[in-house]
Chemist: 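Have a look at this one.
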Amino acid sequence: MATTPSTLWDDLLAQVRMTHPDVVRGWFSDLELAQVDGGTMVVQARNTAQSRYLEQCCRAAFVEAAQAATGRLVTVDFHAAEEDPAAQTGAGFGSGDDQLVLNPDYTFDNFVTGPCNRLAHAAAVAVAEDPGRAYNPFFAYGPVGLGKTHLLQAICHTARERDPSSQYHYISCETFINHFMEAVEHGALHQFRYRYRHVDVLVIDDIQFLAERERSQEEFFHTFNTLHQSHRQIILSADCSPSEIPSLEERLVSRFNSGLVALLDRPCLETRMAILRKKAKLRCIEVPEDAIRFVASRIEANIRELEGALVKLDAMSQTLGTPITLELAEETLGSLADQPVRIPTIIEIVAERFQVKVADLQGRKRSKAVTLPRHVCMYLARQLTPHSLEEIGGYFGGRDHTTVLHASRAISQAIEEDSQLASQLDAIAREVKNAR
Ligand code: ADP
Ligand code: MG
């Protein structure tokens, strides 16, 4: 019996969903089989971001499924129904100019808001709707894995949809530095400046890498001023606030602070649950509420890890051929308890909880505001890791083993006498274990 295109397509999609559930997204139901031409099947996506995702992450899955569905040696091509004009003219995103490729999942629709990120989200939406006018620059910062890149890309998606003719430049800070250094080396500063100072929107992710790069800072300062004076939008992200970027020139700190600086903080349980629901829907994974709550309560510090847990759970359920349940989640994620706690995780979380800098905890300062959390780190490192006293000392500027010993004894004693400190340390220890 001959297979009609629509059943062929249904078979193919079903096969991809079954064999490669990790790459499947909710929007796959919008894909169409545009053409079957000889040995090539052309799959049509809604936009360039989707077709790029398919090209980069799903080619093997689709080719395999197409071959299984047809029984022939076919290949698969991906096209976008709405070609992004910028992608064709080389004007905008991902034009082969070392620009970062937009992830189709990183849209405002897929961004969950809560008390931890509401301001950053609202500002990002305003910037996307009126680039260059609302908040300029827009500076999003926060610890790793909490949605900075997602938010930056969501602005790019929306701004591009609103005005496809605008010139965007979305790059990592490293790319800016590399381009600048190459330009200096090849005497091509003029072209470099033209390229960076004639865009409508300049988006630079992880701008903290400008730290200690004096010449790049100087160049960026002038890029910033030129764009800002002509009301072009500048969008930046970093893992800390402008004033915390080590050795960032004061004039740049004040430029960055002159627009809107918004924190993306660690999400509360409700928000983490909402994010998990959103991610599960996006990946077409069915997860009951009790399992959602369990996963969200186990992983607190980083949304990327939360998502990783969901993928792991899905893979486990596919392998065992059973649906995802609370029991399966407990079994799968329970093994997290076997992984060792890392001292840098302890330091990071203690720094956050005590509102001090990681560098100060590891440095030489001796004020009480720093020594208490430093001693707490040493105490927790002794309690939660198998490291020796010397090794622990090594994480704190090479302090010797007696210092570590005294510090952790002092904290043991302090928690006997101070129940508030004891419960604070309990909460931190739980967070550290969850962050594995
Ligand atoms: P960062 O750039 O801050 O390190 P990312 O933007 O790469 O973090 O986010 C890590 C992962 O967490 C991504 O998959 C992203 O989609 C997801 N994520 C982070 N915050 C949210 C949120 N508020 N809603 C939905 N997904 C989120
Ligand atoms: Mg990022």
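In this chain, residues are counted from 1 in sequence order. Both counts, for ligands and for their atoms, begin at 1 and track the order of listing.
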Chemist: What protein heavy atom is closest to atom 24 (N) of ligand 1, reported as residue, atom name and distance in Å?
Modeler: Val112 N, 2.8 Å
Chemist: Within a distance under 4.0 Å of any heavy atom of Lys148, pick out the atoms of ligand 1 and give their elements.
Modeler: 1 (P), 2 (O), 3 (O), 4 (O), 6 (O), 8 (O)
Chemist: At less than 4.0 angstrom from any non-hydrogen atom of Val144, what atoms of ligand 1 do you find?
Modeler: 4 (O)
Chemist: Regarding Arg255 and the six-membered ring of Phe221, is the cationic atom NZ or CZ under 6.0 Å from the ring centre and inside 45° of its axis?
Modeler: no
Chemist: Which residues satisfy the side-chain hydrogen bond (donor to acceptor under 3.5 Å, both in side chains) test with Arg197, sequence neighbours excluded?
Modeler: Glu219
Chemist: Note the single closest protein heavy atom to atom 13 (C) of ligand 1, along with its residue, its atom name and the distance in Å.
Modeler: Tyr106 OH, 3.4 Å
Chemist: Do Val432 and Val350 come within less than 4.5 Å of each other through their side chains, counting heavy atoms only?
Modeler: no
Chemist: Would you say the side-chain atoms of His222 and Glu218 include a donor-acceptor pair closer than 3.5 Å?
Modeler: yes
Chemist: Which bit of Leu146 gets closer than 4.0 Å to ligand 1, counting heavy atoms only: side chain, backbone, both or neither?
Modeler: backbone
Chemist: When the ring centroid of Phe220 is compared with that of Phe180, is the distance short of 6.0 Å?
Modeler: no
Chemist: How would you list, by chain and number, every residue that makes a ring pair (Phe, Tyr, Trp, His ring centres under 6.0 Å) with His231, sequence neighbours excluded?
Modeler: none
Chemist: Can the ring centroids of Phe176 and Tyr196 be said to lie less than 6.0 angstrom from one another?
Modeler: yes
Chemist: With side chains defined as the heavy atoms from C-beta onward, is the minimum distance between Thr223 and Leu202 less than 4.5 Å?
Modeler: yes
Chemist: Nearest protein heavy-atom contact for atom 12 (O) of ligand 1: which residue, which atom, what distance?
Modeler: Ile303 CG2, 3.2 Å
Chemist: The Mg ion (ligand 2): which protein N, O or S atoms are under 2.8 Å away?
Modeler: Thr149 OG1
Chemist: Who passes ring pair (Phe, Tyr, Trp, His ring centres under 6.0 Å) against His228, sequence neighbours left out?
Modeler: Phe224
Chemist: Got the closest protein heavy atom to atom 4 (O) of ligand 1, with its distance?
Modeler: Gly145 N, 2.7 Å
Chemist: Can the ring centres of His157 and Tyr106 be said to be less than 6.0 Å apart?
Modeler: no
Chemist: For Thr149 and Asp205, which I'm curious about, is there any donor-acceptor pair between the side chains at under 3.5 Å?
Modeler: yes
Chemist: Can you sort out which atoms of ligand 1 are near Lys279, meaning under 4.0 Å from one of its heavy atoms?
Modeler: 14 (O), 15 (C), 16 (O), 17 (C), 26 (N)
Chemist: Can you report which non-hydrogen protein atom sits closest to atom 8 (O) of ligand 1, along with the distance?
Modeler: Gly147 N, 3.1 Å
Chemist: Measure centre to centre between the rings of Phe192 and His179, then say whether the value is under 6.0 Å.
Modeler: no
Chemist: Can you list the atoms of ligand 1 that are under 4.0 Å from a heavy atom of Asn117?
Modeler: 23 (N)
Chemist: Can you figure out which of His150, Glu305, Arg304 has its heavy atom closest to atom 7 (O) of ligand 1?
Modeler: Arg304
Chemist: Which of the numbered atoms in ligand 1 are under 4.0 angstrom from any heavy atom belonging to Glu307?
Modeler: 11 (C), 13 (C), 14 (O)
Chemist: Going by the order shown, which atoms of ligand 1 are within less than 4.0 Å of some heavy atom of Asn110?
Modeler: 24 (N), 25 (C)
